[in-house]
Amino acid sequence: MKIATWNVNSIRTRQEQVKQWLIDNNIDVICLQETKVIDADFPLEGFQDLGYHTYIYGQKAYNGVAIFSRQPLENVKYGFGDILPSDLVNDFDEQKRVISGVINNIRIVNLYVPNGNSIESEKYQYKLAWLDLLKQYLTVLKQENSEELLVCGDFNIALEDRDIYKAIGKENHIMASQVERESLRSILNLGLTDIFRKFTPEGNFYSWWDYRQGGFTKNRGWRIDHIYLTDELVKKALNCYIDINPRKLTQPSDHAPVICEF
DNA sequence: ATGGCGAATGCAATTCGA
């Protein structure tokens with residue numbers, strides 16, 4: 001079984017590329033981020049024609065997440081609010097960034113973590129608060145269920161220096177700051193493993209490259225899209241890799257998909 | 001990098017992403 005995550009930067013712009021990639025790579029489950037479309041306008045049909053059950057959680061212009069699965073998902077949860085009490089969630093579900101469902105006793109959690117803009121920005125504080133809420137969300141899922149967890153998506157954080165093309169000078173950069181990394185590390189400490197690193201310890205592997213300045217051509221990238229697994233799934237994982245081929249196409253997403261095989 | 005590119009909105013120019 002292949003489970004993938006891909007920030008597509010608009011599903012309406014990218015739908016033909018995504019469909020072809022799903023066919024070419026025989027993907028069983030795909031978690032999408034930045035679909036950038038309200039649910040009523042989501043181009044579902046083409047994906048359903050390929051045999052996928054579709055679960056979408058979108059909004060106008062920004063954010064938006066979706067899961068497509070060949071097997072139907074059970075117990076699908078939309079936003080933090082389907083798991084956490086409303087006094088904790090407050091307004092955090094106004095931005096559509098969280099969707100989750102169960103397949104083969106695995107709860108798949110698909111996330112689009114806020115970018116944060118810069119460490120001086122109010123959006124950075126929002127990102128940190130959002131990560132605190134995510135930790136509570138995952139704590140509940142881990143405690144209350146017998147299911148294993150697969151937590152994936154665009155985390156907008158490079159956990160270590162080997163995840164950035166040039167880490168020097170990035171200490172106060174968004175996606176690499178110590179506070180962000182510690183927040184993400186504390187989430188991993190709930191019992192999640194960055195499965196890509198089980199198979200690939202070396203640097204120079206990235207999942208996002210800036211559209212500007214020839215970032216991809218020069219391989220000036222960041223590894224910010226991740227798949228995290230609980231222990232029993234770590235044992236079952238056969239491989240995890242980034243497919244950079246879609247990033248080479250004309251009019252690509254700025255992110256490449258990450259795939260885990262079981 | 002006040003930069004550079006791409007998408008959405010809405011139809012020009014601005015906001016946002018990372």
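Treat the numbers as computed from the prediction; the structure is a model and nothing was measured.
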Legend entry - Where at least one partner belongs to residues 44-71 of chain A, residue pairs that pass salt bridge (Lys or Arg N to Asp or Glu O under 4.0 Å), sequence neighbours excluded: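 Listed by first then second residue: A:D28-A:R70.
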side-chain N/O [X] vs [N] OP1/OP2, d < 4.0 Å:
{"X": "A:R14", "N": "B:dA7", "result": "yes"}
{"X": "A:R12", "N": "B:dT9", "result": "yes"}
{"X": "A:S10", "N": "B:dG6", "result": "no"}
{"X": "A:T13", "N": "B:dG6", "result": "no"}
{"X": "A:Q251", "N": "B:dA7", "result": "yes"}

Inset, instruction - Could you label the plane-to-plane angle of the A:F42 and A:F68 rings as parallel, tilted or perpendicular, counting under 30° as parallel and over 60° as perpendicular? - result: perpendicular
Inset, instruction - Scan A:R220 against the nucleic acid and name what it touches under 4.0 Å (heavy atoms): base, sugar-phosphate only, or nothing. - result: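 Nothing, no heavy atom under 4.0 Å.
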Could you give the distance separating [M] and [N] at their [atom1] atoms, to the nearest angstrom?
{"N": "B:dA12", "M": "B:dG17", "atom1": "P", "answer": "26 Å"}
{"N": "B:dC5", "M": "B:dA1", "atom1": "C1'", "answer": "15 Å"}
{"N": "B:dT15", "M": "B:dG10", "atom1": "C1'", "answer": "13 Å"}
{"N": "B:dG3", "M": "B:dA8", "atom1": "C1'", "answer": "22 Å"}
{"N": "B:dT2", "M": "B:dA13", "atom1": "P", "answer": "23 Å"}

Inset, instruction - Between B:dA1, B:dA8, B:dA7, spot the one nearest the side chain of A:A61, thanks. - result: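 Within the option list, the nearest is B:dA8.
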Legend entry - Pairing residues for A:E160 by the salt bridge (Lys or Arg N to Asp or Glu O under 4.0 Å) criterion, not counting sequence neighbours: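 A:E160 satisfies salt bridge (Lys or Arg N to Asp or Glu O under 4.0 Å) with A:R162 only.
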Inset, instruction - For nucleotides 11-18 of chain B, just jot down a letter per nucleotide in 5' to 3' order: B, S or -, based on protein non-hydrogen atoms under 4.0 Å. - result: -----SBB
Inset, instruction - Provide, to the nearest angstrom, the distance between the CZ atom belonging to A:R247 and the P atom belonging to B:dC5. - result: 13 Å
Could you list the donor-acceptor pairs under 3.5 angstrom formed between side-chain atoms of residues 71-79 of chain A and any protein atom two or more places apart in sequence or on another chain?
residue, atom, partner, partner atom, Å
A:N75, OD1, A:K77, NZ, 3.4

Using a 3.5 Å cut-off and no angle test, enumerate the donor-acceptor pairs between side-chain atoms of residues 232-239 of chain A and protein atoms at least two apart in sequence or in another chain.
residue, atom, partner, partner atom, Å
A:E232, OE2, A:K235, NZ, 2.9

Going by atom type alone, with no hydrogens or angles, which donor-acceptor pairs under 3.5 Å involve a side-chain atom of residues 207-217 of chain A and a protein atom two or more places apart or on another chain?
residue, atom, partner, partner atom, Å
A:S207, OG, A:I224, N, 3.1
A:S207, OG, A:D225, N, 3.0
A:S207, OG, A:D225, OD1, 2.6
A:W208, NE1, A:D254, OD2, 3.1
A:W209, NE1, A:N219, OD1, 2.9
A:D210, OD1, A:R212, N, 2.8
A:D210, OD1, A:R212, NE, 2.9
A:D210, OD2, A:R212, NE, 3.4
A:D210, OD2, A:R212, NH2, 2.9
A:Y211, OH, A:N9, ND2, 3.0
A:Y211, OH, A:P252, O, 2.9
A:Y211, OH, A:D254, N, 3.1

Legend entry - Ring-face cation of A:K170 near A:Y165 (centre distance under 6.0 Å, axis angle within 45°):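 The answer is yes, since A:K170 meets both limits relative to A:Y165.
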